[in-house]
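In what follows, chains are A, B, ... by sequence order, proteins preceding strands, each numbered from 1. Model, not experiment: these values are computed from the prediction.
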Amino acid sequence: MVIAPEHASVETLTTVDQKSDVDAYVAAAASKSDRDRQDEKTKKTGVFTGSYATNPVNGKPVPIWIADYVLATYGTGAIMAVPAHDTRDFEFAKQFGIEVIPVVSPPKDHDIDLNRLAAGEVCFVGRGTAMNSGQYDGIATDEFKSKITISLSEQGVGSEAVNYKLRDWLFSRQRFWGEPFPILHELDEEGNKTGLLKAVDAADLPVDLPEIEDFKPHGRPEPPLEKADDGWLYPVIDGKKYQRETNTMPQWAGSCWYYLRFIDPKNDQVFIDSELEKQWMPVDLYIGGAEHAVLHLLYARFWHKVLFDRGHLQTAEPFNRLVNQGMILGDVEFTGYQTEDGSWVSVDQITEDEDRNPVSPSGESLTSVKVEPDDVEKDGENFVLKSDASIRIDSRAYKMSKSRGNVVNPDDIVSNYGADSLRLYEMFMGPLEQSKPWSMNGVSGVRNFLDRVWRMVIDKDQEQPVLHSAVVDIDPTDEQTRTLHKTIKAVSQDIGSLSFNTAIARMMEFTNFFTRQDHRPKSIMESFVLLLSPFAPHIAEELWLTLGHENSLAYEAWPKFDEALTVDSTVEIPVQIMGKIKSKIVVARGMSKDDLLATAKADPKIMALLEGKTIRKEIAVPDRLVNIVAN
RNA sequence: GGGGAUGUGGCGGAAUUGGCAGACGCGCUAGAUUUAGGAUCUAGUGUCCUUACGGACGUGCAGGUUCAAUUCCUGUCAUCCCCA
């Protein structure tokens, strides 16, 4: 058995002989972080308590050890080790010479060495059948687990438990900005705390922060709220004097349930009206940074479930769908490394010293140097210096940070390119959930697109915005109509799947098409402006007004598409021979397999290539391709 | 250590069910236009071979399944993010 160094029973279990060793070990463990303690690269440490437990199944004595790889805050803080079948337990047992008894026999097809397993020399972590387990021998692992649990609970020496992976949570902060805890400490005649606590009466909730001049931390352990006026700090209730709790709650206190309060923010009776909750909850789509994927989601969901279990909410789950947007990194940078005398060292030659500083193979310390893109070229898989192709250069985008100096200030982008460009670029960069590097060239690219949209609708040569002479009130051609309907369909679908980058690409294609058209029907331009409006609201609104509307486009319905108008009547189909494209044929949409094959074989190029060959197989997929296997 | 994700041109990326790899944008090249620059327009742009026609190769790497693989399977390498 192994217990955590912080376990409550450490003192009682430690024998006189072992006391000094145990005390020293517990003190050392206290200075290590949980993560260090669980790091499997570091050697397992531990100390024997001198005591033994009795195995309730076979009555044998089991030595009780203390080791810091067991965490007090996780589960019960004590484990029954199974060294033959858990890598951490195995390492621990090996290191301290504890007996390793295999109790799970691997499945037949497993390639583990059975003799070494029997001898306790290897560890097997998979499932199998029980061995060395008395009456349970031969039973499959899963079945064994449930049988032994039942047996132990029947004997009254154990029971099944669900272990929630939520650790204890420190929920107080010593700073001003935070919700005050609605808790009162009773004071005696001299003003000392009696130790009795009282919750603030429900009628007096919520407890607001007091108005105080100086709310900065003062360097002492007492929270800044200690500096509040006596009127706030020392309420008197029924003749008894109290002191308010002066710790405040962390940000979590708000972020865990704000989505509920936002639905009903002015309600002073309850935190959310149940009718409104029914109407709005659960949240349809929650978009947040990847760091929320575990923490915020875990806590917010925990709070929500507590409120639900307590009957304050009717929805068991807070969020229907969670999307974590990726991080925007800085511009891609090229980094080379130089010795003190300025000579370059190739990136693949570099190692790190103990302080993680780069060093050359000969041990010289190196400085990293930013290399201009013009001085770098691609050589096979790697980037190298143009001046010396043997010097490899690092190429990557880093997280934006002040120290690296690669922070992009959105205000600068707004003033140089406009808010629409910033917004559009962020959506055009790539998939929402992916982290991706910033690129100033990319920003000017989307700005370019917006300029092209502007010139598609508006006469650039006039002082005031007036319609381009090509934008006229006429009926669109079939091709124009199809282009519009295809664009509406694609943009609508892409928005639904949050694929904003491809939605924008489709609008660019639309613009490329219509800037070549001598006549651009006004109705089509109007539909397009509506499609663009969620992406670039400012320019869209401006175009909408210039197209002759008095009200904001915000009141307009989203454009609809006609499925029949999104497909062309003919399709171009590749014709392959042996899986390689040899020709293309244009056929009516929906042409049958047989007709496709016949058309393909009538194609002059294909005919020539099939000359004198035997056709082994013919594959035709309508509207897709033809493949003829022949030799 | 645990958990999550990603590898496609010079760069960001695209490719419902396996079915034309590289949409769209940036960059680059050439031309047009402009007093000039920025801008704009037109054409080209995966790599290699070929005067050309055309051909070979190509989605991290190594295998496999298939008429057909960025997509499916097995193995492997690398990188990034998060950890109360």
Side-chain angles (χ1 to χ4, degrees), chain A residues 33-42 44 69 73-74 87-88 91 165-171 250 252 289-299 302 324 326-329 331-332 334 373-374 376-381 383 394-399 424-425 428-431 433-449 451-452 455 460 490 493-494 497 499 501-512 515-516 571-585 605 615-631:
Chain A
S33 73
D34 279 7
R35 215 190 301 176
D36 285 341
R37 286 168 54 164
Q38 286 182 295
D39 190 343
E40 295 198 2
K41 277 182 225 151
T42 56
K44 294 279 175 294
Y69 77 93
T73 49
Y74 185 74
T87 49
R88 286 169 306 175
E91 276 174 45
K165 299 198 173 185
L166 204 59
R167 294 191 215 150
D168 285 350
W169 191 7
L170 183 67
F171 202 66
W252 299 109
E291 70 277 12
H292 295 315
V294 179
L295 301 185
H296 175 50
L297 185 67
L298 180 68
Y299 287 128
F302 168 67
N324 302 123
M327 195 187 330
I328 309 297
L329 309 171
D331 232 322
V332 173
F334 296 102
D374 286 348
V376 172
E377 65 186 355
K378 188 119 183 188
D379 178 38
E381 300 250 295
F383 283 95
D394 246 343
S395 153
R396 59 167 289 207
Y398 297 88
K399 224 166 151 172
L424 200 66
Y425 174 61
F428 186 59
M429 287 171 91
E433 299 191 49
Q434 210 162 289
S435 57
K436 40 214 171 238
W438 182 268
S439 152
M440 276 306 174
N441 286 335
V443 184
S444 77
V446 291
R447 167 63 202 233
N448 223 331
F449 163 63
D451 287 343
R452 279 202 339 273
R455 290 193 302 267
K460 66 175 165 53
Q493 283 180 350
D494 287 347
S497 61
S499 308
N501 53 332
T502 50
I504 293 165
R506 298 313 294 267
M507 290 191 283
M508 288 172 168
E509 289 181 79
F510 176 97
T511 307
N512 290 343
T515 45
R516 286 196 197 101
V571 280
E572 190 188 51
I573 288 183
V575 181
Q576 302 180 335
I577 291 178
M578 301 291 284
K580 307 222 171 203
I581 295 164
K582 297 296 176 186
S583 185
K584 291 186 178 183
I585 51 174
K605 274 191 202 164
I615 294 176
R616 307 283 174 193
K617 195 165 184 177
E618 295 171 331
I619 295 110
V621 183
D623 300 340
R624 287 285 185 184
L625 96 166
V626 174
N627 186 12
I628 297 167
V629 184
N631 57 11

Examine the base of C67(B) for any acceptor or donor lying under 3.5 Å from a partner atom in the side chain of Asn627(A), and report the outcome as yes or no. yes
At under 4.0 Å between heavy atoms, what does Gln434(A) touch on the DNA or RNA strands: base, sugar-phosphate, or nothing? sugar-phosphate
Rounded to the Å, how far apart are Met508(A) CE and C24(B) P? 10 Å
C48(B) versus G58(B) - spacing of their C1' atoms, nearest Å: 10 Å
Expressed as a whole number of angstroms, how long is the span from Met327(A):CE to C81(B):P? 7 Å
Among G12(B), A21(B), C11(B), which is the nearest nucleotide to the side chain of Phe383(A)? C11(B)
Classify Arg455(A) by what it touches in the nucleic acid, base, sugar-phosphate, or nothing, heavy-atom distance under 4.0 Å. sugar-phosphate
Could you tell me how far apart Lys605(A) (NZ) and G54(B) (C1') are, to the nearest whole angstrom? 10 Å
Residue Asn501(A), side-chain atoms from C-beta onward, closest of G55(B), C81(B), A14(B): A14(B)
For atom NZ of Lys399(A) and atom P of C80(B), their distance in whole Å: 12 Å
Given C67(B), C80(B), C41(B), the nucleotide with the shortest approach to the side chain of Val629(A): C67(B)
From C-beta outward on Phe428(A), which listed nucleotide comes closest to its side chain: G19(B), U16(B), G12(B)? G12(B)
Atom pair distance, as rounded to whole Å: CD1 in Ile577(A) and C1' in G55(B): 15 Å
Sugar-phosphate only, base, or nothing, as touched by Asp451(A) at under 4.0 Å among non-hydrogen atoms: nothing
Please determine, for the side chain of Pro431(A), which listed nucleotide (U42(B), G13(B), G19(B)) has the closest atom? G13(B)
Could you work out which one of A84(B), G19(B), G25(B) sits closest to the side chain of Ile619(A)? G19(B)
Tell me: CG of Asn448(A) to C1' of C24(B), nearest whole Å? 13 Å
Would you mind reading off the distance between Gln576(A) atom CD and C20(B) atom P, rounded to a whole angstrom? 8 Å
Can a cation-pi geometry be assigned to Arg396(A) and Tyr398(A), taking NZ or CZ under 6.0 Å from the six-membered ring centre and within 45° of the ring axis? yes
Same-atom distance (C1') from C61(B) to C77(B), integer angstrom: 7 Å
Rounded distance in Å - CZ (Arg396(A)) to P (U6(B)): 18 Å
Could you give the distance separating G12(B) and U6(B) at their C1' atoms, to the nearest angstrom? 15 Å
Report the nucleotide, chosen from C81(B), C20(B), C24(B), that has the shortest atom-to-atom distance to any side-chain atom of Lys584(A). C20(B)
Using the P atom on both, measure A36(B) against A21(B) and round to a whole Å. 45 Å
With heavy atoms under 4.0 Å as the rule, sort Arg506(A) into base, sugar-phosphate or nothing. nothing
Any sub-3.5 Å donor-acceptor pair from Lys617(A)'s side-chain atoms to Asn627(A)'s backbone N or O? no
Mind telling me if G38(B) is syn or anti? Syn here is a glycosidic angle within 90° of 0. anti
When the C1' atoms of G25(B) and A32(B) are compared, how many Å lie between them, rounded to an integer? 23 Å
Between C20(B) and A30(B), how far apart are the two P atoms, rounded to whole Å? 35 Å
Regarding Lys580(A), tell me which of base, sugar-phosphate or nothing describes its non-hydrogen contacts under 4.0 Å with the strands shown. sugar-phosphate
Contact class for Leu625(A) vs. all strands (heavy atom < 4.0 Å): base, sugar-phosphate, or nothing? base
Check every strand shown and say whether Arg447(A) touches a base, only sugar-phosphate, or nothing at a heavy-atom separation below 4.0 Å. nothing
So which nucleotide from C80(B), U42(B), G19(B) ends up closest to the side chain of Arg516(A)? U42(B)
Out of G13(B), G27(B), G19(B), minimum distance to the side chain of Asn441(A) belongs to G27(B)
Separation of the P atoms in C73(B) and G18(B), to the nearest angstrom: 11 Å
